[in-house]
Every structure is written in structure tokens, then in C-alpha cells.
Q: 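There's a structure below that I have some questions on.
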Amino acid sequence: MSNDTKNNTALMEKIVSLCKRRGFIFQSSEIYGGCGGVWDYGPLGAELKRNLRTAWWNAMTREREDVLGLDASILMNPAIWKASGHVDTFADLMRECSLTNKRVRADHVDPQDGVIMNFTGAEAPTGWKLDRVISVLMKKGEHIESFRKRVRTLIASNAGEAAGKVEEIVLLGEAKAEAVEGSTDFHPETGGALGPARPFNLMLKTYLGPTATEADVTYLRPETAQAIFAQFKNVFDSSRVKVPFGIGQIGKAFRNEVTPKNFTFRSREFEQMELEFFIKPDEAVEIISGEVAAWSEGADLSEPKPNWGWELWHRYWVDQRTKFYEGIGLGGVLEYYWQTPDDLAHYARACVDILCDFPFGTEELEGIAARGEFDLSQHQKHSGKTQEVFDEELKNAAAKLSDEQKEALIQKRLAAEKAKVKGEPMPEADVRIWFERLFKGNYVPHVIEPSAGLDRMALAIIANAFTETEKTDDKGKKEVITVLKLHPRVAPIKVGVFPLLKNKPELVAKAREVYALLKKHMNVFYDETASIGRRYARQDEVGTPFGITIDFETLGEKGPELQDTVTLRHRDGGEQERVKISDLLGKLLPLVS
RNA sequence: GCGGGUGUAGCUCAGUGGUAGAGCACUUCCUUGCCAAGGAAGAUGUCGCGCGUUCGAAUCGCGUCACCCGCUCCA
């Protein structure tokens with residue numbers, strides 16, 4: 001293990017430990033030995049998550065005129081998952097390479113010729129041992145030495161660091177078995193023997209209805225997005241909105257991850273915050289506005305314009321989401337990964353991953369995809385219900401076009417279809433039908449999808465707020481001070497209220513008064529035990545941004561001008577100021593919400 | 001799923017077959033005039049879980065669960 005990995009692992013362990021010790025995150029079902037890949041949020045974690053949820057909901061729906069909210073159920077008609085492609089892709093039988101555990105679709109194994117070679121195991125000078133019969137196909141024409149080298153490499157890659165150097169691995173009990181022709185029992189790339197075909201579906205299956213027969217099978221949703229698409233028409237018809245507009249949703253989703261990993265980062269039950277923002281197809285924008293604005297570096301993305309096509313809308317949402325992260329204190333640690341044409345799904349036009357620095361690496365927080373009309377079209381096809389909207393402005397603008405202008409639009413699209421790198425081009429007849437509908441003002445909206453993981457965001461917030469400093473006290477004793485530098489907006493506790501001493505009833509009474517005053521407006525924590533410094537430290541550790549201390553000045557003992565003022569202490573830096581009790585709310589509220 | 005590691009108090013960990021421990025944290029009292037002060041007393045354990053070996057298991061064996069690391073997976 002490298003030093004970096006060790007340090008990062010140690011850091012992660014400290015974070016996990018803090019999360020448990022102070023009530024942010026617990027292991028699920030801990031008293032029964034836990035439950036793989038699921039986590040519970042304790043009192044402070046629940047507040048933190050709630051603050052993030054509220055921040056997202058406000059930024060994405062309440063503070064905007066063009067986004068509506070939705071709260072759909074987790075269980076849905078399984079036909080939705082057929083339409084979305086989730087069922088088909090993953091109902092496949094998979095076979096696993098016994099050597100590398102690479103999975104391959106059972107019906108996608110090409111027949112191979114060669115000689116089956118068996119080994120009884122392998123060992124390395126490091127003391128590492130593989131005590132298992134290995135069966136590998138030596139391909140026709142492969143030299144025995146290069147074959148052995150290949151097997152060692154494959155074994156090493158699976159064993160990880162424990163096996164040491166590849167060339168020092170010793171293969172044991174090599175024996176030639178039989179020659180085979182047209183065998184489909186070996187992995188096409190590695191040549192390792194394949195295990196039995198097994199279904200491999202990452203969706204959590206359940207039964208809707210007490211009889212629990214095969215006909216009752218449905219799934220816990222693997223993403224919240226599909227519910228938005230499935231309810232698109234209802235929202236559109238009931239809300240008097242016009243495209244472009246969005247539907248936002250926050251909710252749980254479930255995936256049977258093979259390997260849940262990295263604390264709450266990849267868990268089997270998680271919460272998503274997704275926006276589906278519906279826009280006009282570029283062709284409609286062109287007809288209405290006469291042009292589709294092109295994006296260029298430095299383009300003004302502050303206010304949406306009528307002539308924006310998908311590209312500018314996509315850039316706009318990347319910009320909006322970046323501002324959101326800046327607003328919760330993650331501005332400085334973000335990275336962006338623009339998916340290459342190879343990465344992209346065939347229906348996607350662009351996708352950018354917003355990544356964040358975690359102790360275990362730079363990982364995805366949010367994906368912002370331009371998905372074209374794929375999702376709504378899929379549901380239109382599978383449900384048989386139209387997902388088109390009617391746009392009167394488009395119809396009127398199209399009516400003014402000459403036949404030549406219309407044909408030019410069609411030709412432009414046909415050329416674009418032809419130039420497609422992925423997926424099948426749309427047949428000309430279908431393109432013409434599509435334009436016919438468009439010229440009448442009808443189209444299936446296209447979509448930009450910013451999709452964020454709430455649990456990941458919470459973990460990113462905690463991990464990036466975590467700071468340790470070494471301090472030496474008067475007696476030369478060193479100790480490590482932990483401060484969670486949470487942005488005040490997301491901090492679970494906003495203010496700690498402390499009487500300087502607890503054995504002076506006047507201080508306690510005044511502190512209780514201040515506590516009651518603030519508590520109605522924000523999460524406040526009252527603490528009178530231990531020394532004042534310790535109480536500050538306790539709150540620093542859970543990220544409370546402000547501390548209020550009621551002292552003898554508050555009581556007026558140092559003169560009337562300081563009466564009813566308190567010490568307001570700032571977590572980062574520890575500086576203090578005197579604030580009138582009557583000014584506290586006005587000062588704190590804007591900072592914490 | 002494969003390989004390696006870990007699991008003992010809330011946290012960090014010590015404990016190699018014979019009465020379950022330390023530091024920190026926690027509770028109560030005293031003391032304490034601003035950044036983890038001091039004193040006194042106290043509470044806290046299915047030693048991850050199960051089975052086995054043994055007169056006796058935290059300790060040995062087998063199984064299992066969870067977490068961490070490396071592969072793999074991540075639509």
C-alpha cells in the first residue's frame with residue numbers, strides 16, 4: 001500500500017469514526033452485525049442532509065419560475081423499467097471468468113479453439129498463495145511461454161499487491177488437459193474458464209401484492225428520473241407551464257451494487273436529487289427564433305434566452321449547478337469531466353460529470369446529461385400514450401416558412417443523422433414524419449438532466465470540512481484539534497449557546513433566554529457543562545459555525561453600555577465580537593439560511 | 001464475486017487458554033471570569049455472530065456477518 005493510500009485510508013477512518021462518535025452516520029442494523037451497503041443518519045447527519053435537501057429544493061424549484069416539484073413513489077409499474085431499458089439490459093445471464101472475475105454476457109461468448117491447461121494453484125515469494133485449481137484456455141497458435149506469462153499477469157491483477165511482482169509468481173502443477181474446438185466455456189479475452197450462467201440484475205426485486213407470484217414482480221426504483229418522465233404529461237397538463245420548464249424530485253433509489261464501497265459513497269440505498277429540464281428541439285428553436293445560438297467560451301449564461309438550443313441549456317445547467325456547489329462550500333474542490341463520444345450512451349448528446357475530491361479519490365457527485373428526446377420517446381413508444389406538447393408559437397412561426405425553407409431544415413437534419421457516430425440514423429421517412437408534426441407545433445421535448453447524489457454530497461461536505469490541527473497546550477502537551485469547517489448554510493447546528501459559568505443562576509437564566517429566542521428560527525444547541533473552551537471545541541468538531549457566550553458583561557456588571565450584549569464567537573479563526581441580543585437574529589439568520 | 005486485512009467500553013486500542021483492561025469520551029457533585037483546566041465519585045462489555053475443541057475460549061478450529069485495502073463491478 002502506498003503512503004498516500006495509507007494516509008487517505010487513515011483520514012477516511014477518522015471521518016467514519018467522527019461520523020459515528022458524534023451522530024452523523026451509523027452503520028445500519030449495527031446491533032445485528034450490520035447490513036451490507038446501507039447506512040443510517042444520526043441526529044446531526046439527519047440535519048445536515050435536510051439542509052442539503054432544502055438548499056437543492058430551494059435553488060432548483062422554489063427560487064425559480066420554471067421548475068416544478070414532484071414526489072413520486074418508489075414502486076412503479078414494472079413496464080417503466082422495460083421502457084427505460086433497465087430490465088432488458090440486466091435480465092441477461094452473465095458468466096464470470098474464474099481467473100479475473102470479469103463478467104461477460106452468456107450469449108456473447110464467441111466460440112474458441114485451443115488447449116485447456118490446468119494449474120493446481122500459484123504462489124509468490126511474498127508468501128502469497130492461490131490454493132485453487134485454475135483452468136485456462138491456451139489459444140491456438142499461442143506460445144507456451146507467452147501463455148504462462150499471460151496467466152501470471154492475470155493472476156497478479158486479481159490478487160492485487162499481496163502477490164508481489166508478476167514475474168516472480170510461480171504457477172503450480174501445470175497439466176495439459178484436452179484440446180477443444182468451438183468452446184464457449186472460456187472468457188474471450190482472458191481465456192479463463194467461465195462459471196455457470198447466472199442472472200445479474202442490479203435492480204432490487206420485490207413483489208407488489210401479498211400473493212408474491214411472478215406476475216407481481218416489480219422493482220425498487222434504481223433512479224428517480226423515470227418517475228419524472230412517466231408523470232411528465234400530468235405535470236404539464238395540470239400546471240399551465242410552457243416548454244422550457246423543469247420537474248425536480250428528491251427521493252430514494254436502490255441498486256444492488258456488487259461492491260458497496262467507500263462508506264456512504266456507493267451504497268445500495270441512496271437518495272437522489274434530480275432535475276429533468278425539458279426544452280424545445282433545436283429545430284423548433286430555429287423556426288421560432290430564426291437561429292440557434294452557438295455556445296462559445298465565456299458565453300453569457302446568467303439568463304436563459306429564447307434562442308438557446310440544447311448546448312447552451314446544457315452549459316447553463318452546468319453553470320447553475322456549479323454556483324449551487326459554491327453556495328454550500330464545495331466551490332474550490334470541484335472538477336469537471338466531459339464525457340467523450342466513446343463514453344456517451346447512444347442517445348446522449350453530452351454529459352459532464354461534476355467530480356469532487358474525496359479521501360479515496362476524485363469521484364462523481366453529479367452528472368449533467370443532455371439526453372435529447374430519448375426518455376420521453378421511449379415512454380411514448382412503450383405506453384402508447386403521446387408525450388408530445390403543442391406549441392402555438394412554433395406552429396405560427398412554421399406557418400410562415402416557405403416550402404424551400406422547410407425542406408432545408410429537413411435536409412440539414414438528414415445530414416446530421418447520417419453523420420451520427422453512435423446509434424442508428426433515423427430513416428428519412430421517420431424524419432419527414434417528425435418534421436410534419438413539428439411544423440404543426442407538436443414535438444416531444446428534449447431534456448437536460450442534472451442528477452445529483454444527496455448522500456455523496458453529504459459525504460463530500462463532511463470530508464472536505466474535516467480539518468485537524470496539532471496544538472500544544474501550556475504544559476507542552478500535544479493534542480489534535482478536529483474542526484469541521486462546514487458552511488453555515490449546511491451545518492447541522494447553527495449556534496451553540498453557553499453561559500460562561502453554570503453555577504451563576506443569572507448567567508444560566510439569560511443563556512436560556514437567548515437559546516429560546518434563537519431556537520424558533522434555527523437549530524441551536526445549549527451547553528453549560530465543562531469549561532467554556534471545551535464547549536467551543538465540542539461544537540467545532542461538529543461544524544457549528546457560531547458560539548454565543550453569556551458572560552458578566554451581558555448582565556451589566558461591566559457597565560450599562562455592555563448590558564444585554566453577548567460574545568459571538570466564530571468557529572473558523574475563533575475571533576469574537578460583542579453583539580446585542582436584539583441584533584442576534586438579524587445578524588445570524590442571513591448567514592445560516 | 002476473488003485475494004489480503006480488521007472486528008474487545010461511545011471512540012482509539014492493549015490483552016497468546018485461567019477473575020475483561022487503559023487513555024479519551026460520558027453522568028453526578030465540587031471548583032472554574034473565554035478556546036479540550038483541576039478534584040471526587042460513578043456508569044458503561046452478547047470480546048461481531050454461530051458451532052466446535054477444552055475442566056476452562058476474547059485467545060485454538062470451522063462457518064458466517066460487517067467494514068477496510070487491492071482486483072472486479074458501477075446501466
Side-chain angles (χ1 to χ4, degrees), chain A residues 1-2 5-6 8-10 12-14 16-23 26-39 81 84-90 92 94 96-103 122 124 126-132 134 154-163 192 195 198 200-203 222-223 255-263 265-266 345 360 363-364 471 473-475 477 479-483 498-504 507 529-541 547 549-553 557-558 567 569 571 573-576:
Chain A
M1 207 189 280
S2 71
T5 312
K6 250 184 216 164
N8 291 338
T9 302
M12 203 52 216
E13 277 168 6
K14 280 177 193 165
V16 173
S17 161
L18 173 71
C19 281
K20 180 177 184 192
R21 184 158 39 86
R22 299 307 307 266
F26 305 129
Q27 194 179 4
S28 165
S29 326
E30 194 189 281
I31 59 168
Y32 288 102
C35 184
V38 283
W39 302 90
W81 306 115
S84 68
H86 286 85
V87 173
D88 288 346
T89 323
F90 295 96
D92 298 326
M94 306 291 282
E96 211 168 60
C97 168
S98 57
L99 198 52
T100 60
N101 306 106
K102 281 190 174 165
R103 260 178 292 269
T126 56
W128 172 87
K129 259 187 189 162
L130 180 68
D131 203 9
R132 172 158 67 91
I134 314 161
L154 291 170
I155 288 175
S157 75
N158 201 31
E161 294 174 15
R198 281 184 300 202
F200 192 79
N201 194 322
L202 293 187
M203 284 199 291
E223 60 174 40
R255 293 183 199 181
N256 248 330
E257 295 290 351
V258 181
T259 317
K261 233 187 118 147
N262 290 332
F263 199 28
F265 184 81
R266 176 166 296 123
F360 43 80
E363 298 279 356
E364 184 182 346
K471 210 185 93 176
D473 67 12
D474 306 341
K475 293 167 194 158
K477 202 175 97 185
E479 55 187 349
V480 176
I481 309 289
T482 304
V483 180
F498 319 113
L500 185 59
L501 297 172
K502 77 166 166 181
N503 60 357
K504 299 284 182 293
L507 288 176
T529 65
S531 73
I532 190 69
R534 175 183 291 273
R535 282 177 272 166
Y536 288 151
R538 280 175 185 157
Q539 290 307 307
D540 286 350
E541 200 184 36
T549 304
I550 284 70
D551 49 30
F552 293 94
E553 284 88 331
E557 293 189 2
K558 293 282 165 70
T567 299
R569 181 234 184 211
R571 176 197 62 207
E575 66 271 21
Q576 304 191 342

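Just so it is clear: chains get the letters A, B, ... in the order the sequence lines come, proteins before strands, and each one is counted from 1.
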Q: Taking the C1' atom in each of B/C24 and B/A37, what is the distance between them to the nearest angstrom?
A: 16 Å

Q: Rounded to whole angstrom, note down the C1' distance from B/G1 over to B/A43.
A: 45 Å

Q: With a cut-off of less than 4.0 Å, is there a side-chain N or O of A/Asn256 near OP1 or OP2 of B/C73?
A: no

Q: Please give the distance between the P atoms of B/C29 and B/G70 as a whole number of Å.
A: 49 Å

Q: Using the P atom in both, what is the distance from B/C47 to B/G42, to the nearest Å?
A: 25 Å

Q: Under 4.0 Å from OP1 or OP2 of B/A37: is there any side-chain N or O of A/Ser531 that close?
A: yes

Q: If you check the A/Arg21 side chain, which of B/G33, B/A36, B/C11 turns out closest?
A: B/C11

Q: Have a look at A/Thr567 and say if it touches a base, only the backbone sugar-phosphate, or nothing, with a 4.0 Å heavy-atom cut-off.
A: base

Q: How far apart are the C-alpha atoms of A/Arg538 and A/Thr529, what are their side-chain angles, what is the distance that settles it, and do they pass the side chain to side chain donor-acceptor pair (under 3.5 Å) test?
A: CA-CA 11 Å; A/Arg538 280 175 185 157; A/Thr529 65; 3.1 Å; yes

Q: Counting any heavy atom closer than 4.0 Å, what does A/Asn503 reach on the DNA or RNA strands: base, sugar-phosphate only, or nothing?
A: base

Q: The side chain of A/Gln576 is closest to which nucleotide in this list: B/C11, B/C35, B/A36?
A: B/C35

Q: Under 4.0 Å, counting only non-hydrogen atoms across every strand here, what does A/Glu30 touch: a base, just sugar-phosphate, or nothing?
A: nothing

Q: Expressed in whole Å, how much space separates the P atoms belonging to B/C2 and B/G63?
A: 13 Å

Q: Classify the nucleic acid contact of A/Arg255 as base, sugar-phosphate or nothing, counting any heavy atom under 4.0 Å across all strands shown.
A: base

Q: Does the distance from a Lys or Arg side-chain N to an Asp or Glu carboxylate O, for A/Glu541 and A/Arg21, drop under 4.0 Å?
A: yes

Q: Establish whether the base of B/C35 is bridged to the side chain of A/Arg569 by a donor-acceptor pair shorter than 3.5 Å.
A: yes

Q: Contact class for A/Gln539 vs. all strands (heavy atom < 4.0 Å): base, sugar-phosphate, or nothing?
A: nothing

Q: Using the P atom as the point on both nucleotides, what is the distance between B/C60 and B/G18, in whole Å?
A: 11 Å

Q: Quick check: on RNA chain B, is the nucleotide nearest A/Ala345 upstream (toward 5') of the one nearest A/Val38, or the reverse? Name the residue that is more 5'.
A: A/Val38

Q: Set out, in order, the CA-CA distance, both residues' side-chain angles and the distance that settles salt bridge (Lys or Arg N to Asp or Glu O under 4.0 Å) for A/Glu30 and A/Lys20, then state yes or no.
A: CA-CA 11 Å; A/Glu30 194 189 281; A/Lys20 180 177 184 192; 3.3 Å; yes

Q: Roughly how far apart, to the nearest Å, are B/G39 and B/U19 at atom C1'?
A: 31 Å

Q: For the rings on A/Phe263 and A/Phe360, is their centre-to-centre separation under 6.0 Å?
A: no

Q: Which nucleotide wins on minimum distance to the side chain of A/Arg534, given the candidates B/U32, B/C69, B/A37?
A: B/A37

Q: Between B/U8 and B/G4, how far apart are the two C1' atoms, rounded to whole Å?
A: 22 Å

Q: I want to confirm an ordering. Mapping A/Glu541 and A/Glu557 to their closest nucleotides on RNA chain B, which one lands closer to the 5' end?
A: A/Glu557

Q: Can you tell which of A/Arg571, A/Arg22, A/Arg569 makes a salt bridge (charged side-chain N to carboxylate O under 4.0 Å, His left out) with A/Asp540?
A: A/Arg569

Q: From the options B/U12, B/C69, B/C35, select the nucleotide whose nearest atom is closest to the side chain of A/Tyr536.
A: B/C35

Q: Classify A/Ile31 by what it touches in the nucleic acid, base, sugar-phosphate, or nothing, heavy-atom distance under 4.0 Å.
A: base

